[in-house]
Structure formats: C-alpha cells, structure tokens
Amino acid sequence: MINPLAKILKGIRHYLRLKRMPMRLEFVVTDYCNLNCRGCTHYSPLAPREFEQLERLSLSMKQLAGICGSKVKSAYLIGGETLLYPHLIEAMEALRKYFTTQKLYIFTNGLALPKMSDEFFDTARRLDFIVAVTRYPIKFDYDKVLNDLRTRRVKTEVFGDRSMADSFFRFALDPKGRQNARLSHFKCYNRGCMSIVGDRLYPCSISACVGHLNKAHGMAFEHHDKDYLRIPDIESFSQIRRLREKPVPFCRYCIYPVDTVRYAPSKHGKEEWVED
C-alpha cells in the first residue's frame, strides 16, 4: 500500500519542478512533414503542405521578444519538419534578430540535412543555432548526418532517441471533454512547449494543431478564448506564464496517463488520436 504522505510529497516535488521549468517558445513554421508517424502531436500525417507566412512569423517573433526579453532562455523553429520551410534562412535571421542572447534551436528529424545548402549550414553557424535532431527507428544514417554537422562546425544535439523500443506516447483525446482539466494539466508531458501558430500562442502543440484532426475526421475539439493568447493583445510576460501554469479549457480533452507505444507509420485513422 502506498504511503499517503509519500504520495503527497511526490506531488509537491513534481509541482515545484514544473514551476522551475524554463520557458521556451516554439515557432511552428509548418505541420507538414516528410515522415508519417502514428499519433504525431502536430497531426502531421493529416496536415496539408502549407507553410507559415514569413511576414506574420517575423512579426510574432518581434512582439514576443519585446514582451519576454531575457525571461525566455530558448526559442525554437519547429514543425512538422522544419527543414521543409521554404523561407528557413529568413526565419533564422529574424529569430536571431529579435532573440539576441537566447539559445536558438532548429528541430528536425534529420532526413533533409544531406540535401541542405551550404547557405543553411553557414547561417546556422554564423547565427549560433543548435540543430536538434530526433532519431527515429527508420533506415537512415543518423551518425553520418550528426558527424557532418560537427565537421561543418554547426552545433548539434540529439533531442530524443526514438529509435528505442516503446519510445513513443499516444496522447489520446476524449471527444466529449469529460476529463479532469486540472489533473490533465498537472500530469501533462507537453507542458512548457509554448506553441506559436500564426498570431496565437498556445500552451501545447496538441491544442495548437488540433485543427488538422478536426478537418480530417469531422471532429469538434473546440477552442475557448482562454485556450490561447492573441500575440498582439499580450501586455506582459505574466500573461504568458499564467497560460503555461494554469489549466485551460482544452485540458478537459486530454486523457492521462498516456499509453506507451511502438513506432509505426500512420494509417491516418482518428483512432490514433481519439479515444471513443
């Protein structure tokens, strides 16, 4: 039998870890991807080949940099597959222009790295970007592309080794919204991944990108006006912190605990994301 006091202390320690979690901003440039992963949290297998407008992306960067200042320690360009973004060099320039001292990352599954131009690698090195590569259990020489990055003197990190067995999670949603929002938020694996899509800031990618699921399968996962912040309306960093640290109405859809699953190609069925 679990000691009730030990359970309470564990919960308190978890809460304090969440409070100390550094804030990071993830600028979503596309949800389209060159992989087809079951249960993707950006719903990339369902996403059309669409890309964020560079002008709107740059404006969001400028506005958030003015609000957050040094309170944000890192910012990311993320997808889908980030390297497919046709204005990637310009997006890198804009992100470094506004976030001058922060750690800047490009998230990628790595597949497109052998085809990237010298300009991309030169820009990553000059602007001090970190190319964060996630390994997937596919036939691809990750060691080679990582070594190539190091040879080019581009900073790199392995952001998760998903080639390991049972290294994926299934983040299922309850279409009737019957979950305990506070509990789902407290246990959330995606907490802290502040996702910027267009001119909106969301507390996680699942909420930010669920429109692809709605459109593909006629679902009705709704957004309340408290589920996000319109970036032009943000007046202080405390608003962003509250969005991260308090449950939002969308949390009522998220089912916890999550299932651990093996990697597999998506079949695009709603059951990959929805629990009936």
Side-chain angles (χ1 to χ4, degrees), residues 26-53 56-57 60 76-87 107-109 111-112 134 136-138 160 162 167-179 181 184-185 188-191 193-228 230 248-276:
E26 298 186 349
F27 292 90
V28 181
V29 297
T30 183
D31 289 319
Y32 182 72
C33 190
N34 51 4
L35 275 180
N36 179 45
C37 303
R38 179 176 64 178
C40 172
T41 57
H42 279 249
Y43 307 95
S44 293
L46 307 177
R49 189 182 179 93
E50 295 178 351
F51 304 97
E52 181 57 67
Q53 297 175 7
R56 185 166 64 175
L57 179 67
S60 293
Y76 301 66
L77 296 176
I78 193 169
E81 175 46 47
T82 317
L83 299 184
L84 300 180
Y85 186 53
H87 308 294
F107 270 26
T108 176
N109 59 36
L111 271 66
T134 301
Y136 287 83
I138 57 177
R162 293 187 171 180
S167 57
F168 281 78
F169 296 110
R170 177 176 179 263
F171 294 98
L173 298 179
D174 173 4
K176 296 183 179 179
R178 298 164 295 189
Q179 304 304 302
S184 292
H185 179 263
C188 182
Y189 281 83
N190 295 297
R191 188 167 174 173
C193 304
M194 307 297 288
S195 297
I196 296 96
V197 177
D199 66 351
R200 293 183 178 185
L201 175 66
Y202 296 86
C204 73
S205 62
I206 293 174
S207 174
C209 305
V210 75
H212 300 306
L213 178 62
N214 285 341
K215 186 174 182 179
H217 290 291
M219 305 303 296
F221 293 104
E222 299 176 339
H223 282 122
H224 188 277
D225 59 7
K226 293 184 179 180
D227 282 316
Y228 59 86
R230 286 194 68 255
V248 297
F250 193 89
C251 294
R252 73 191 187 278
Y253 293 124
C254 297
I255 300 173
Y256 282 89
V258 300
D259 296 327
T260 302
V261 297
R262 288 186 175 274
Y263 178 83
S266 173
K267 295 182 180 179
H268 301 189
K270 73 174 183 179
E271 65 277 0
E272 294 179 21
W273 297 276
V274 179
E275 195 71 35
D276 290 330

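The model shown is predicted, which means the values in this text are computed figures rather than measured ones.
Judged by distance alone, with hydrogens and angles left aside, the side-chain atoms of S184 form a donor-acceptor pair with the main-chain N or O of C254 at under 3.5 Å. Formation of a donor-acceptor pair under 3.5 Å by the R200 side chain with backbone atoms of V197 is not found in this model. No donor-acceptor pair under 3.5 Å is formed between the side chain of S195 and the backbone N or O of Y202. Distance alone, capped at 3.5 Å, is enough to place a donor-acceptor pair between the S44 side chain and the D31 backbone. Between the side chain of Y85 and the main chain of E52, a donor-acceptor pair closer than 3.5 Å is present. With D174 contributing its side chain and I255 its backbone, the two residues share no donor-acceptor pair below 3.5 Å.
Counting only heavy atoms from C-beta outward, the side chains of L57 and F27 approach each other to under 4.5 Å.
The pair R178-E275 does not count as a salt bridge, with every side-chain nitrogen at least 4.0 angstrom from each carboxylate oxygen.
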query = W273 and T41: side-chain contact (heavy atoms from CB on, under 4.5 Å), yes or no, with the steps?
reply = CA-CA 9 Å; W273 297 276; T41 57; over 6 Å; no
ask   = Could you go step by step and tell me if V248 and K226 meet the side-chain contact (heavy atoms from CB on, under 4.5 Å) rule?
value = CA-CA 6 Å; V248 297; K226 293 184 179 180; 5.7 Å; no
request  = Carefully, step by step, assess V258 and R170 under the rule side-chain contact (heavy atoms from CB on, under 4.5 Å).
outcome  = CA-CA 6 Å; V258 300; R170 177 176 179 263; over 6 Å; no
V210 and F250: CA distance, side-chain angles, deciding distance, side-chain contact (heavy atoms from CB on, under 4.5 Å) verdict = CA-CA 10 Å; V210 75; F250 193 89; 4.0 Å; yes
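The aromatic rings of F169 and Y189 sit tilted, their planes meeting at an angle between 30° and 60°. Ring-plane geometry between H223 and Y228 is classed as perpendicular, the angle between the planes exceeding 60 degrees on a 0 to 90 degree scale with a lower cut at 30. Below 30°, between 30° and 60°, or above 60°: for Y136 and F168 the angle between ring planes is between 30° and 60°, a tilted geometry.
A side-chain donor-acceptor contact under 3.5 Å links E81 and T108.
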